[in-house]
*Asks:* 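Shown below is the structure under consideration.
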Amino acid sequence: MAATPRKIKPGSVHENQANGLVARRQWLEGALLKLHGTVTLPSLWIELQDLLEAAYPHHSLVLGLQFTRTVGPSVMLHSRPLPLRTPEWYDRNLPVHPGLAWLQQNPGAKLVRVSDVLPLDELKAGDYYQVFMEPEGWVHGLGFFYWNSEGIEHMIGINRAEDQGDFDAEDMELAHWLHPQIGVALRRVAQLRKEAGAREVLATYLMDLPLPALSLDWNLQPFYANHAARQTLARWESDKSGDAAPKPPRRPRLPSDIRAACLALKKQITAADRTNIANPTTRTVQARVPHRTQPGWIAFIKSLPFKGDPVTKPGFWITWLEPVDDAGPTLGKWKLLSPRERDVARRIARGETNAQIAHALGRSLSTVKTHLESMFRKLGVKNRAGLLARLGRPD
């Protein structure tokens, strides 16, 4: 049975409080919209400070993201400078924090005032006040906590000086309204940071792979190309290979035959979209583009639809399969090497010294040595002889 709404007597204290709370919520709507529009941590922190400054009189703010990591918070931001404190200082003094023990006994708590944990006189007599609060100039505090299966994921601390007073009932009502909305913004930005980090790791890994890889958006503008793809694009246009290949341009340029194939795929996707059939497979198409003069050299193009998103246009992923020749071996252990490492390996097979290789390739001696160490590590060898034995000679 649903609970009967509480009737508020006109002109009563409760009515005045309710009207005041409505006014405060309306006042914060613009700041909330800005918070929900953020996509980066710096912008989120700026808008969060603006929101909470409009919501509450306070002394300082603190934001902690991924708060339960074993090595401490991944991100901890403060609206005011803190006294200089080392990691050892925190390791030594955090155990006196009474709120941590209270939260362990009350898992899932969303909103906690300092006064909910300890009375003011007991708080001031404890080590936590003398070590943390007094040097920072605050006494009263309100914590917003966001939990996951491991514990506290994110937290926000709103701190007040003693003359600003504790958080009252209306403050807490406002906090209950703000808590889920702020949580949406925190989790969205944390997820975006996680996804961006994963993309960066993947891009770094792909950059030195020998397999050429190029991605395009719907307008056929390149938004990712590894080193091998840049070199392949330059050779595809020039019909040259090996040491005679031209230097790759700084910005990848799409060859005319590959562009034409991508445009044809776009027409297929557009035609399928007009059928209004909610089937993502109709937006996944592919093509093969053979090189105009070199048999066996093929560009493979595949569309990349956004799963579960029927509105966003797909992009394209292009890789190349190249025939084996004397200038560019691509089978066996050679596949483990990046294009730059293969240049060095070919010259090692010719008997050149590190200095000769550095001069021929226009690189520093230390760079050549770095390539050598990387190849030794990848192939599990200790010297040049082991490298050549594992790779086999290109000629």
Side-chain angles (χ1 to χ4, degrees), residues 39-40 188-189 191-241 245-273 279-292 294 296-323 328 330 334-343 378:
V39 295
T40 65
R188 185 188 66 254
V189 171
Q191 182 64 28
L192 289 173
R193 281 171 54 87
K194 181 180 177 180
E195 293 172 357
R199 287 195 298 269
E200 183 177 349
V201 169
L202 180 60
T204 302
Y205 172 74
L206 290 174
M207 189 58 69
D208 285 328
L209 283 182
L211 175 69
L214 170 69
S215 57
L216 310 171
D217 62 18
W218 176 251
N219 297 317
L220 306 187
Q221 294 299 312
F223 63 84
Y224 174 78
N226 65 2
H227 298 309
R230 294 172 185 274
Q231 293 180 337
T232 298
L233 287 170
R235 292 167 50 212
W236 187 275
E237 291 272 65
S238 68
D239 292 337
K240 295 180 181 180
S241 61
K247 184 178 180 180
R250 294 185 63 182
R251 180 171 179 80
R253 291 194 298 266
L254 202 60
S256 57
D257 51 354
I258 294 179
R259 175 176 288 275
C262 290
L263 290 172
L265 294 181
K266 288 181 64 174
K267 288 184 178 180
Q268 287 182 242
I269 295 170
T270 302
D273 285 346
N279 182 1
T281 60
T282 61
R283 309 176 94 223
T284 304
V285 294
Q286 52 190 356
R288 294 159 50 102
V289 181
H291 193 270
R292 56 189 175 276
Q294 299 189 37
W297 196 7
I298 302 171
F300 294 89
I301 309 171
K302 183 178 181 180
S303 63
L304 294 176
F306 292 89
K307 296 186 182 297
D309 185 354
V311 177
T312 305
K313 292 293 187 181
F316 297 93
W317 181 253
I318 304 176
T319 56
W320 284 262
L321 177 65
E322 190 173 350
T330 59
W334 287 88
K335 274 192 171 182
L336 299 174
L337 307 183
S338 71
R340 296 177 182 179
E341 291 169 349
R342 287 194 303 234
D343 290 340
K378 288 179 180 179

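In this text, all values refer to a predicted model and were calculated from it rather than measured experimentally.
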*Asks:* Report the distance from atom CG of D343 to atom CG of L337, rounding to the nearest 0.5 Å.
*Replies:*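 One gets 10.5 Å once the value is rounded to the nearest 0.5 Å.
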
*Asks:* Can you list the residues that meet the side chain to side chain contact (heavy atoms under 4.5 Å, CB included) rule with K302, with sequence neighbours excluded?
*Replies:*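 In terms of side chain to side chain contact (heavy atoms under 4.5 Å, CB included), with neighbours along the sequence ignored, K302 is linked to T284, Q286.
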
*Asks:* For N219 and Q221, indicate whether the former's side chain and the latter's backbone hold a donor-acceptor pair under 3.5 Å.
*Replies:*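 Checked: no pair found.
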
*Asks:* W320 and W297: side chain to side chain contact (heavy atoms under 4.5 Å, CB included), yes or no, with the steps?
*Replies:* CA-CA 7 Å; W320 284 262; W297 196 7; 4.0 Å; yes

*Asks:* Under 3.5 Å, is there a donor-acceptor pair between the side chain of N226 and the main chain of A213?
*Replies:*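 Yes, N226 side chain to A213 backbone: donor-acceptor pair under 3.5 Å.
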
*Asks:* Give, for atom CH2 of W317 and atom OG of S215, the distance between the pair rounded to the nearest 0.5 Å.
*Replies:*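 These two atoms lie 5.5 Å from each other.
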
*Asks:* Of all residues at least two apart in sequence or in a different chain, which pass the side chain to side chain contact (heavy atoms under 4.5 Å, CB included) check with L192?
*Replies:*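 L192 satisfies side chain to side chain contact (heavy atoms under 4.5 Å, CB included) with V39, R188, E195 once adjacent residues are dropped.
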
*Asks:* Hey, does R253 have a side-chain heavy atom less than 4.5 Å from the side chain of L233?
*Replies:*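 Counting from C-beta outward, L233 and R253 never come under 4.5 Å.
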
*Asks:* Ignoring hydrogens, what is the shortest heavy-atom contact between C262 and F316? Give both atom names and the distance.
*Replies:*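 Shortest heavy-atom separation between C262 and F316 comes out as O-CZ, 4.2 Å.
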
*Asks:* Got a second to check how far L220's CG is from L263's CG, nearest 0.5 Å?
*Replies:*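 It comes to 5.5 Å.
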
*Asks:* Got a second to check how far I298's CD1 is from L321's CG, nearest 0.5 Å?
*Replies:*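 Between I298 CD1 and L321 CG, I get 6.0 Å after rounding to 0.5 Å.
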
*Asks:* Under a 3.5 Å distance rule, please check whether S303 uses its side chain to pair with a backbone N or O of P314 as donor and acceptor.
*Replies:*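 No; zero donor-acceptor contacts below 3.5 Å.
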
*Asks:* Apply side chain to side chain contact (heavy atoms under 4.5 Å, CB included) to D257 and list each qualifying residue two or more places apart in sequence or on a separate chain.
*Replies:*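 D257 satisfies side chain to side chain contact (heavy atoms under 4.5 Å, CB included) with W236, P255, V289, R292 once adjacent residues are dropped.
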
*Asks:* Specify the closest pair of heavy atoms between P252 and A225, including all atoms of both residues, with the distance to one decimal.
*Replies:*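 Minimum heavy-atom contact is CG-CB, 3.8 Å.
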
*Asks:* Is the shortest heavy-atom distance from the side chain of I269 to the side chain of K266 under 4.5 Å?
*Replies:*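 In short, these two side chains do not touch, never coming nearer than 4.5 Å.
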
*Asks:* Does T232 form a side chain to side chain contact (heavy atoms under 4.5 Å, CB included) with L214? I'd like the steps, not just the answer.
*Replies:* CA-CA 10 Å; T232 298; L214 170 69; over 6 Å; no

*Asks:* Over all heavy atoms of both residues, which pair between S256 and E237 is shortest? Give the atoms and the distance, please.
*Replies:*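 Residues S256 and E237, closest heavy atoms: N-OE1, 4.5 Å.
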
*Asks:* How would you list, by chain and number, every residue that makes a side chain to side chain donor-acceptor pair (under 3.5 Å) with T40, sequence neighbours excluded?
*Replies:*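 With neighbours one apart ignored, the set is S43.
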
